[in-house]
Amino acid sequence: MKTVVAVLTVVAAIVGLWYIACVPMNIKGVLDAAERAGEQVEPATARERREASALGLVAQNSFAIDRVWSVDRPRLPAPHQVVVELWQTTVMKKITSKRSLIYHAQVTLSATLLGFAIGTGLGILLAVGIVHSRVMDMSVMPWAIVSQTIPIIALAPMIIVVLYSIGVQGLLPKAIIAAYLSFFPVVVGMVKGLRSPDHMQLDLMKTYFASGNQVFWKLRLPSSMPYLFTSLKIGIAASLVGAIVGELPTGAVAGLGARLLAGSYYGQTVQIWSALFAAAILAALLVALLGLIERVLLGRMGVKA
Amino acid sequence: MELVFLAFLVWCAGWWINARLANGPRADTRAVGLLVPVIFGLTILLVWELLVRGLDVPLVILPAPTLIAVRFADSLSILWQDFAQTILKGALGGYVIGCSAAFVTAILVDRSDFLRRGLLPVGNFVAALPIVGTAPILVMWFGFDWHSKAAVVVVMVFFPMLVNTVAGLREASEMQRDLMHTYAASYWQSLLKLRLPAALPFVFNGLKISTTLALVGAIVAEFFGSPTVGMGFRISTSVGQLALDMVWAEIVVAALAGSLFYGLIAALEKALTFWHPSQRGA
């Protein structure tokens, strides 16, 4: 309960700061519009205003303050503008419409999920191989760890173009980027998890005369689950970033990344912010969903969450 | 066709050597531990080269490693300019600002239990979001030059660093705090002598996570607009010209920069937290 109050306070403080930040960010645009409408503005010309400090402008033109939260193309849109835009582009539009954020989110989501499934599947397979083969462990594992420290997302534009040149386009290239971003975290986490049973437990399996298969299915795999879910949560967030970045270089027409790019081309800041929030909500939902599955699954397996 | 067959042979030979080394009597020595991944890497490079030559893979799909190396050596000055623009100015500048801002914020937040309770869940939540998406907004605000890239990096590294530092400042146990209390240590004394050192492993964890994020942020932000220099700019324009050898050369630079950056932080961690159990074992 105390935590809820504290979190709400912090969130309220952030929203409040945001509203305050709108004033100096948008004041110049508001004053320019007011001058064009024939109102008395201090200082009178746009050139003088450009050199003046934003806070000074606010102090001199206090009549304009209440307009900074309802500018058409603001430098920083007010929170309620973003919420209204989100509401209009999700609930008020038909899902099939090109202007519906749900449509764009679903395009990005399908690439994310496909990529996540491929990346996780391959990652788990490689982890099983690494745990069972000493050669693979010693050859591949150092590279998997090093790959965590390099920005592999730089490969994204190339993958899109190369796949395009051999005739693959649409969902798959984005999914591949999403897949390799989630691949390495899953490998590293899963190897850690499969190795987590201690000597005592492995010895117990030995005294039961368990075969290698039995040790794997009855001991290693169940005890790797908490580790797996931790890396799955990292992996799905990375997959989403991959799918969004994958939409940038080709000028894709659909998807949250495409909305971001189109918004930045045409100066539609409200559209950028709403796409950003849609991506954030999507990421939060995906991570929360994994958390839910984790809790149910681990609960049934008798692991204390 | 012989080259493809040769590639297959090289692969088998590399695997056989590694299998001998890994299952041999000296498998646990440091030298073998280093040698095996190196042999594996070299085998992959050789197989890549032979396959690309043997199957006549066109340049626009996958250039051979030797071509990439030649391109790398030929355009050292361009690569260095891009490196300076993206890594030294954008990524490092943002990294230093973001991490130190988060560190100071964490120390301030730690003084109030209420704030800590409120900020930790929010910080954890934000750390999982696709923050790269703020890049178009920040490019719009701060212009095309490296300032906007540094701003993206600041936003990206702030929350992971904040969450880790706040968690680290809770690390000193009640017993240890009580001891400082009985010594009549002031807040600053107990912060500097007990709680900050105890928090160091967490702080370094945040710093290490942030190194990769910083590079990702700086490179991706350049896809939304940049001056005519920078790694993200070079990658996106070279892809457009189908000069894939240049793209790969930039990726090599990114990989080297990333590992070096991480390695530096890890070395610093080793030097400063030598007392911690995770460092003593090795």
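Chain identifiers are assigned alphabetically (A, B, ...) following the order of the sequence lines, protein sequences preceding nucleic acid strands; residue numbering begins at 1 within each chain.
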Structural part of [X] lying under 4.5 Å from a heavy atom of chain B:
X        : answer
A/Thr269 : side chain
A/Val7   : both
A/Met141 : neither
A/Leu276 : side chain

Would you name the heavy atoms of [X] and [Y] that are closest together and state the gap between them?
X        : Y        : result
B/Trp141 : A/Arg75  : NE1-O, 2.9 Å
B/Pro136 : A/Leu260 : CG-CD2, 4.2 Å
A/Met138 : B/Gly33  : CE-CA, 3.9 Å
A/Trp143 : B/Pro37  : NE1-O, 2.9 Å

Requested in this report: Tell me, yes or no, whether the heavy-atom count around B/Lys208 atom NZ, taken from other residues, nucleotides or ligands under 6.0 Å, exceeds 12.
Outcome: yes

Taking side chain as everything from C-beta outward and backbone as N, CA, C, O, which of these in [X] sits under 4.5 Å from a heavy atom of chain A? Side chain, backbone, both or neither.
X        : answer
B/Leu62  : neither
B/Val216 : both
B/Ile61  : both
B/Phe114 : both
B/Leu119 : both

For chain B, find which of [options] contributes the most heavy-atom pairs closer than 4.5 angstrom.
options                                : answer
A/Val287, A/Val140, A/Val146, A/Leu155 : A/Leu155
A/Leu76, A/Thr149, A/Ile150            : A/Thr149
A/Ser139, A/Ala284, A/Ala237           : A/Ser139
A/Ala13, A/Ala275, A/Gly263, A/Ala154  : A/Ala154

Can you tell if the side chain of [X] reaches within under 4.5 Å of the side chain of [Y], non-hydrogen atoms only?
X        : Y        : result
A/Ile14  : B/Val122 : yes
A/Val5   : B/Arg117 : no
B/Trp15  : A/Met136 : yes
A/Ile153 : B/Ile219 : no

**Report entry** side chain to side chain contact (heavy atoms under 4.5 Å, CB included) between A/Arg134 and B/Asn23, intermediate numbers included
**Finding:** CA-CA 7 Å; A/Arg134 203 170 152 69; B/Asn23 297 321; 3.8 Å; yes

Between [options], which has the largest tally of heavy atom pairs under 4.5 Å with chain A?
options                              : answer
B/Leu21, B/Thr211, B/Thr134          : B/Thr134
B/Ile137, B/Leu256, B/Leu35, B/Val32 : B/Ile137
B/Ala218, B/Gly14, B/Gly232, B/Gly41 : B/Gly41
B/Ala19, B/Pro130, B/Gly258          : B/Pro130

